[in-house]
Amino acid sequence: MVSPKTERVHTSYHQAVTATGRLSSTDPNLQNIPIRSEQGRKIRQAFIAPTNYKIVAIDYSQIELRIMAHLSNDKGLVTAFSEGKDIHRATAAEIFAVELDEVTTDQRRSAKAINFGLIYGMSAFGLAKQLNIGRHQAQEYQDKYFQRYPGVLTYMEDTRQQASEQGFVETLFGRRLYLPDIKAKNGMRKKAAERAAINAPMQGTAADIIKKAMLAVAAWLSEQNDDRVKMTMQVHDELIFEIHQDIVEETTAKLVELMNNAVELSVPLIAEAGMGDNWDEAH
DNA sequence: ATTCAAGGCGCG
DNA sequence: AAAGCGCGCCTTGAAT
């Protein structure tokens, strides 16, 4: 797949494929290059910067949960983000009724699973399977969560209702996902449509935001007219750049700022940068 | 030789 | 029976 012209590998991005407004990447797909395992990382290390250049990866921190905070306007969630808290730890402290510094590794792990599960519309059954606990206990976790973050519960209920009444849901910027199965007689199809309805405003708004960030970056790059900075990839909540080593520090700072200010939410939007000679080191 | 569906698995 | 969102690629087995 190396281009004879550039002697590099080029993906193709597709802008009108996904249900939520994300890009997709093919031939090759560069949005699912391994990173989680040690063995996988070795593959990522094969993506290297040109001589005298660095790979810079800048990713949004917890963007979907921040969007949930913004959309639901839940007081506890908004406050936690505004105070710069570790959100999974903060959630654990609330659910398990302990102080922040008393949260155990296991409690944080559980809270993280709950936070992710919420974004996906997961049920108590799914949470139980994920955490390898009983259904009853999973239900208690969920109940406790909604007790502590009532705004999130209201948001979930409102989203389902709106989906049912209108047949679609919207991102913060108004892009719609139509849900033909939302009134299906088949309970499973209906439940699946409800989960998609819950997820789409968050995943979709995140997609909207990074597209705005890419436009802001592109405009700035065009203004700079300096070919020592290149935006080379997008992986859903992160942008990857190649930057000449002579200007990497100040350029990275500027790019982080552009991403942070792509939109304004009721909670801070935080982008974090990593740098290295290869894509693995940049994380 | 090509196409399709299903299962498995990589990522956010 | 299935109960977690969004993707793309590989392999397998069957059909065209």
Side-chain angles (χ1 to χ4, degrees), chain A residues 1 9 11-44 46-47 57-68 71 112-136 138-139 141-142 145 155-156 159-160 163 169 171 175-179 181-182 184 186-211 213-214 233-240 259 271-272 274 279-280 282-283:
Chain A
M1 291 183 155
V9 175
T11 188
S12 296
Y13 287 110
H14 306 279
Q15 198 161 208
V17 171
T18 71
T20 55
R22 279 184 171 182
L23 303 183
S24 86
S25 159
T26 65
D27 308 295
N29 180 359
L30 293 185
Q31 292 180 323
N32 72 343
I33 300 302
I35 189 172
R36 294 173 190 172
S37 74
E38 203 43 56
Q39 198 175 25
R41 288 182 166 217
K42 294 201 160 118
I43 293 173
R44 199 164 276 235
F47 292 76
I58 311 178
D59 70 291
Y60 282 117
S61 159
Q62 307 291 358
I63 187 165
E64 292 186 15
L65 279 174
R66 289 174 195 273
I67 291 164
M68 185 166 84
L71 293 177
K112 187 174 174 178
I114 292 168
N115 279 333
F116 274 103
L118 282 163
I119 291 172
Y120 302 145
M122 192 165 60
S123 67
F125 177 94
L127 183 62
K129 199 163 84 179
Q130 177 74 30
L131 290 176
N132 219 344
I133 58 177
R135 261 196 68 172
H136 190 74
Q139 188 64 55
Y141 285 3
Q142 212 181 59
Y145 181 93
Y155 171 72
M156 299 283 170
T159 301
R160 281 194 193 89
V169 291
T171 67
R175 188 165 31 69
R176 294 178 180 181
L177 173 66
Y178 282 87
L179 299 150
D181 272 355
I182 200 73
N186 179 325
M188 243 183 59
R189 292 176 75 103
K190 185 176 166 183
K191 283 285 181 195
E194 285 180 359
R195 291 193 297 271
I198 295 288
N199 176 257
M202 292 180 273
Q203 186 181 129
T205 299
D208 292 344
I209 291 172
I210 197 155
K211 283 180 179 175
M214 291 170 80
M233 291 188 286
Q234 188 258 39
V235 188
H236 307 307
D237 66 353
E238 73 179 287
L239 299 177
I240 292 93
M259 288 177 69
E272 295 171 336
W279 193 8
D280 182 44
H283 277 269

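Just so it is clear, the model here is predicted, and its values are computed rather than measured. Sequence lines set the chain letters: A, B, ... in the order given, protein chains first and strands last, and positions in each chain run from 1.
- Across all non-hydrogen atoms, the minimal contact from A:His236 to A:Gln31 is CE1-OE1, 3.2 Å.
- Judged by distance alone, with hydrogens and angles left aside, the side-chain atoms of A:Tyr60 form a donor-acceptor pair with the main-chain N or O of A:Met259 at under 3.5 Å.
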### Message
side-chain hydrogen bond (donor to acceptor under 3.5 Å, both in side chains), that's the test. Do A:Gln203 and A:Thr20 meet it? Break it down for me.
### Response
CA-CA 6 Å; A:Gln203 186 181 129; A:Thr20 55; 2.7 Å; yes
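- Between A:Leu65 atom CG and B:dG12 atom P the separation is 15 Å, expressed in whole Å.
- At the heavy-atom level, A:Gly126 lies under 4.0 Å from the strands shown only through sugar-phosphate atoms.
- Note on A:Asp59: nothing from the nucleic acid sits closer than 4.0 angstrom, heavy atoms only.
- Taking only side-chain atoms of A:Glu238, from C-beta outward, the nucleotide of B:dG12, C:dA3, C:dA2 with the closest atom is B:dG12.
- Distance CD1 (A:Ile63) to P (C:dG6): 18 Å, rounded to an integer number of Å.
- Between the C1' atom of C:dA3 and the NE2 atom of A:His136 lies a distance of 19 Å, rounded to the nearest Å.
- When atom types are taken as modelled, the side chain of A:Thr26 and the backbone of A:Asn29 share no donor-acceptor pair closer than 3.5 angstrom.
- To the nearest angstrom, P of C:dG6 lies 13 Å from CZ of A:Arg175.
- Closest to the side chain of A:Ala196, from the set C:dA3, C:dC9, C:dG6, is C:dG6.
- You'll find the side chain of A:Gln142 stays beyond 4.5 Å of the side chain of A:Met122, heavy atoms only.
- The separation of C:dA3 from B:dG7, taken at their P atoms, amounts to 12 Å, rounded to a whole angstrom.
- Here C:dG8 is the nucleotide among C:dC9, C:dG6, C:dG8 with the atom lying nearest to any side-chain atom of A:Ser24.
- Following rounding to the nearest Å, A:Ile240 (CD1) and B:dC11 (P) show an atom-to-atom distance of 14 Å.
- Note on A:Arg22: a base of the nucleic acid sits closer than 4.0 angstrom, heavy atoms only.
- Distance A:Leu239 CG to B:dG12 P: 14 Å, rounded to the nearest Å.
- No more than 12 heavy-atom neighbours from other residues, nucleotides or ligands sit within 6.0 angstrom of NZ on A:Lys190.
- The stretch residues 32-44 of chain A touches DNA chain B through A:Asn32, A:Ile33, A:Pro34, A:Ile35, A:Arg36, each having a heavy atom within less than 4.0 Å of the strand.
- The distance between atom NE2 of A:His14 and atom P of C:dG6, rounded to the nearest whole Å, is 19 Å.
- Nearest-nucleotide assignment on DNA chain C puts the 5′-proximal partner with A:Met188, out of A:Ala192 and A:Met188.
- Here the separation of B:dG8 from C:dA2, taken at their P atoms, is 12 Å to the nearest Å.
- For C:dC5, the base has a donor-acceptor partner in the side chain of A:Gln203 [N/O atoms by modelled type, under 3.5 angstrom].
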### Stepwise side-chain contact (heavy atoms from CB on, under 4.5 Å) check, A:Ile67 with A:Ile209
CA-CA 10 Å; A:Ile67 291 164; A:Ile209 291 172; 4.0 Å; yes
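- The closest donor-acceptor contact from the side chain of A:Ser12 to the backbone of A:Asp27 lies at 3.5 Å or more, if one exists at all.
- The interatomic distance linking A:Phe116 (CZ) with B:dG12 (C1') rounds to 9 Å, in whole Å.
- Nearest nucleotide to the A:Asn29 side chain, out of C:dC9, C:dA3, B:dG12: C:dC9.
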